[in-house]
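These numbers come from the heavy atoms of this one structure, side chains and all, not from hydrogens, waters or symmetry mates. As the structure lists them, so they are numbered: ligands from 1, and atoms in each ligand from 1.
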Amino acid sequence: MTASYRVPTRIETERLVLRTYVEADAEQLVEVVTRNLEHLRPYMEWIQFEPQTVADRREWIAGEAEKFAAGTGFTMGMFDADGVLVGGSGFHVRSDPDGLEIGYWIDAAHEGKGLVTEAAAALTLVALDTAGAAVVTIGHAPTNARSSAVPRRLGYRQRDLGGKQCFDAGEMAPAVEWVADASTLTSEPLASWPRPVVPASPRPTSR
Ligand SMILES: CC(C)(COP(=O)(O)OP(=O)(O)OC[C@H]1O[C@@H](n2cnc3c(N)ncnc32)[C@H](O)[C@@H]1OP(=O)(O)O)[C@@H](O)C(=O)NCCC(=O)NCCS
């Protein structure tokens, strides 16, 4: 059995808001993903199900909300300060090793600004500091140099965890895997990384 994690539904960084999708995000999600099909095609396995309609996306958002509530997957959108969707991220729950795995993609128009590194740093800190994960992993296809640079930049250690496959240009390939744990938080750059803000969840009101 996998562990249960306390993942917040909203995380704020210097330039981003990472939060669960709501139904009203469906239009933006369709627009951004459809505009990025060729950018995402080599490494995102779900691209085979694109393009989707707004109705498909609403259904998908509802499904992701159920997984979040059940603790089986923690998908989040990456929004800028104006609420514009710039990418997607969040955690997969993995069991070997027991921990959280960060995934990410970004709109090609926003590549190269450090936004993914900023999101991954915040997710790493939240996972290890508050969500209850002992390890956080990032895995990518061997040819995905831009993805590889993200965990490397954050002080993750490359580790052969054995067996995990990654989508690589239409085929599955052995993933390159990176791991962060408590020792990563006390090493640079995460030791002095700006702490993400996790707003308190609203209290349920009785009326
Ligand atoms: C993989 C992917 C998410 C990486 O995105 P990215 O934009 O390269 O990553 P970041 O947002 O962290 O940006 C890093 C770049 O911004 C630069 N940068 C600028 N300001 C920065 C800052 N404040 N902090 C860190 N980096 C900064 C870095 O130097 C780096 O530039 P370089 O690529 O010229 O070396 C993106 O290429 C993508 O969406 N690819 C398609 C989907 C995919 O492969 N997803 C991953 C599957 S495992």
Side-chain angles (χ1 to χ4, degrees), residues 11-18 21 28-52 64 73-81 84-94 99-127 135-161 163-180 184 187-196:
I11 300 166
E12 296 168 7
T13 71
E14 284 180 296
R15 294 177 290 174
L16 293 171
V17 173
L18 308 175
Y21 291 109
Q28 275 209 83
L29 199 46
V30 167
E31 193 273 316
V32 176
V33 172
T34 306
R35 182 155 49 78
N36 278 280
L37 288 182
E38 294 321 308
H39 168 60
L40 299 174
R41 192 174 306 286
Y43 299 120
M44 306 313 285
E45 194 176 358
W46 46 260
I47 208 70
Q48 60 190 298
F49 305 112
E50 301 295 336
Q52 297 202 11
E64 294 307 302
F74 303 98
T75 299
M76 294 180 172
M78 229 189 266
F79 297 84
D80 72 9
V84 174
L85 179 70
V86 297
S89 194
F91 300 113
H92 304 287
V93 176
R94 68 180 289 171
L100 291 171
E101 177 179 44
I102 297 177
Y104 42 67
W105 60 270
I106 194 159
D107 181 348
H110 294 281
E111 251 186 344
K113 301 178 184 174
L115 292 173
V116 178
T117 300
E118 187 170 315
L123 289 172
T124 306
L125 290 162
V126 164
V135 296
V136 187
T137 61
I138 293 178
H140 60 81
T143 56
N144 198 345
R146 292 198 81 100
S147 184
S148 184
V150 174
R152 182 181 294 116
R153 210 176 273 127
L154 292 177
Y156 277 58
R157 297 179 306 282
Q158 197 175 324
R159 184 76 64 76
D160 183 6
L161 297 169
K164 191 180 151 58
Q165 299 279 303
C166 234
F167 187 72
D168 193 351
E171 301 191 347
M172 299 311 281
V176 177
E177 294 226 71
W178 299 79
V179 179
T184 321
S187 311
E188 293 303 335
L190 288 182
S192 55
W193 199 273
R195 267 33 198 169

*Trp193 CH2 to Glu118 CD distance, which is reported to the nearest 0.5 Å*: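 Output value for this atom pair is 7.0 Å.
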
*Basic-acidic side-chain contact under 4.0 Å: Arg146, Glu111*: yes

_Residue shell around ligand 1, heavy atom under 4.0 angstrom_ = Arg15, His39, Leu40, Tyr43, Met44, Tyr104, Trp105, Ile106, Glu111, Gly112, Lys113, Gly114, Leu115, Val116, Thr117, Gly139, His140, Asn144, Arg146, Ser147, Arg153

*Which residues pass the ring pair (Phe, Tyr, Trp, His ring centres under 6.0 Å) test with Phe74, sequence neighbours left out?*
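Phe74 satisfies ring pair (Phe, Tyr, Trp, His ring centres under 6.0 Å) with Phe68 only.
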
*Does the Ser89 side chain pair with the main chain of Gly103, one donor and one acceptor, at a distance under 3.5 Å?*
yes

*Hey, does the side chain of His39 reach the backbone of Ile106 with a donor-acceptor pair shorter than 3.5 angstrom?*
yes

*Determine whether the side chains of Thr143 and Tyr43 contain a donor N or O and an acceptor N or O closer than 3.5 Å.*
yes

